[in-house]
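I have placed the structure first, in the form of structure tokens, so that the comments after it can refer back to it.
This chain uses plain numbering: 1 for the first residue, then up along the sequence.
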Amino acid sequence: VKVANAIIEKSVGIQKPILVFLPKGKESIATFMGIVYSRNFYVPTDVKYPKERIEMLLNVLNPELIITDSKNKEKLSNYGVLEKNILLVEDIENQFCK
């Protein structure tokens with residue numbers, strides 16, 4: 001629910017692609033469920049994908065939002081992703097767990 005609330009607060013809309021740029025694990029699965037709960041669809045993207053594949057996904061999908069962690073945020077910036085399109089899982093935890 002925390003992820004869904006954060007997405008809704010960003011005013012992404014519904015039925016939009018949201019890229020998940022996280023390592024495989026329980027955090028990414030919880031993120032998938034939050035995205036579905038927000039009435040959008042997730043695109044799982046492993047942080048270990050080659051640069052070309054990530055760039056292709058970004059160009060084809062043009063995602064409204066990308067959810068990542070602070071460790072991988074810089075990689076997205078290197079691909080030209082704007083700060084306003086990035087949502088950090090740490091920020092979700094901090095904002096909605098008070």
Side-chain angles (χ1 to χ4, degrees):
V1 175
K2 293 180 282 189
V3 174
N5 288 337
I7 293 168
I8 292 166
E9 191 171 284
K10 281 273 200 179
S11 301
V12 172
I14 59 171
Q15 298 180 350
K16 304 285 184 182
I18 297 179
L19 200 103
V20 179
F21 192 69
L22 291 168
K24 292 180 181 179
K26 61 184 176 184
E27 191 168 60
S28 60
I29 293 171
T31 302
F32 298 158
M33 297 302 103
I35 292 168
V36 171
Y37 193 72
S38 75
R39 299 178 58 199
N40 290 287
F41 62 93
Y42 62 89
V43 180
T45 308
D46 194 328
V47 295
K48 296 180 182 176
Y49 280 172
K51 179 183 177 187
E52 296 79 20
R53 183 165 183 171
I54 294 170
E55 288 174 337
M56 185 267 309
L57 283 168
L58 291 170
N59 288 330
V60 169
L61 294 173
N62 194 23
E64 298 281 329
L65 191 62
I66 300 172
I67 300 177
T68 192
D69 55 14
S70 56
K71 182 178 176 184
N72 293 294
K73 180 182 175 185
E74 188 175 327
K75 291 180 188 176
L76 291 173
S77 297
N78 293 337
Y79 295 127
V81 176
L82 301 175
E83 178 86 22
K84 67 178 185 140
N85 295 2
I86 297 174
L87 182 59
L88 297 177
V89 291
E90 294 91 347
D91 291 345
I92 294 169
E93 286 295 319
N94 293 335
Q95 184 175 3
F96 293 98
C97 290
K98 295 179 181 177

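The distance from the CG atom of L22 to the OG1 atom of T45 is 9.5 Å, given to the nearest 0.5 Å. If you take CG on L76 and CD1 on I67, they are separated by 11.5 Å, rounding to the nearest 0.5 Å. Between atom CD1 of residue I54 and atom NZ of residue K48 there is a gap of 12.5 Å, rounded to the nearest 0.5 Å.
Screening residues 64-78 for salt bridge (charged side-chain N to carboxylate O under 4.0 Å, His left out) gives K73-E83 as the qualifying pairs, with residues at least two apart or on separate chains. Judged as a ring pair (Phe, Tyr, Trp, His ring centres under 6.0 Å), the pairs with a partner in residues 33-61 (not counting sequence neighbours) are, in order, F32-Y42.
In this structure, F21 is a member of the same hydrophobic cluster as V60, with clusters built from ILVMFWY side-chain heavy atoms closer than 4.5 Å. Linking ILVMFWY side-chain heavy atoms closer than 4.5 Å, directly or via other members, places V3 and I86 in two distinct hydrophobic clusters. Hydrophobic clustering of Ile, Leu, Val, Met, Phe, Trp and Tyr side chains at less than 4.5 Å, counting indirect connections, keeps L88 apart from I7. M33 and V89 fall within a single hydrophobic cluster, where Ile, Leu, Val, Met, Phe, Trp and Tyr side chains are chained together by heavy-atom contacts under 4.5 Å.
When all heavy atoms of N85 and V81 are compared, the pair lying nearest together is CB-CG1, 4.2 Å. Residues S38 and I14 share a closest heavy-atom pair of O-CG2, 4.0 Å. A4 and G34 get closest at one heavy-atom pair: CB-O, 3.4 Å.
Remark: K10 engages V12, L65, L87 in a side-chain contact (heavy atoms from CB on, under 4.5 Å) (not counting sequence neighbours). Residues satisfying the side-chain contact (heavy atoms from CB on, under 4.5 Å) criterion with K26, sequence neighbours excluded, are absent altogether. T31 pairs by the side-chain hydrogen bond (donor to acceptor under 3.5 Å, both in side chains) definition with nothing, not counting sequence neighbours. Shown here are the side-chain hydrogen bond (donor to acceptor under 3.5 Å, both in side chains) partners of S70, two or more places apart in sequence or in another chain: E90.
The side-chain heavy atoms of K24 and D46, taken from C-beta on, include a pair separated by under 4.5 Å.
Formation of a donor-acceptor pair under 3.5 Å by the N40 side chain with backbone atoms of P17 is not found in this model.
Residue V43 is tested with V20, L61, I66 for a side-chain contact (heavy atoms from CB on, under 4.5 Å); the sole match is L61.
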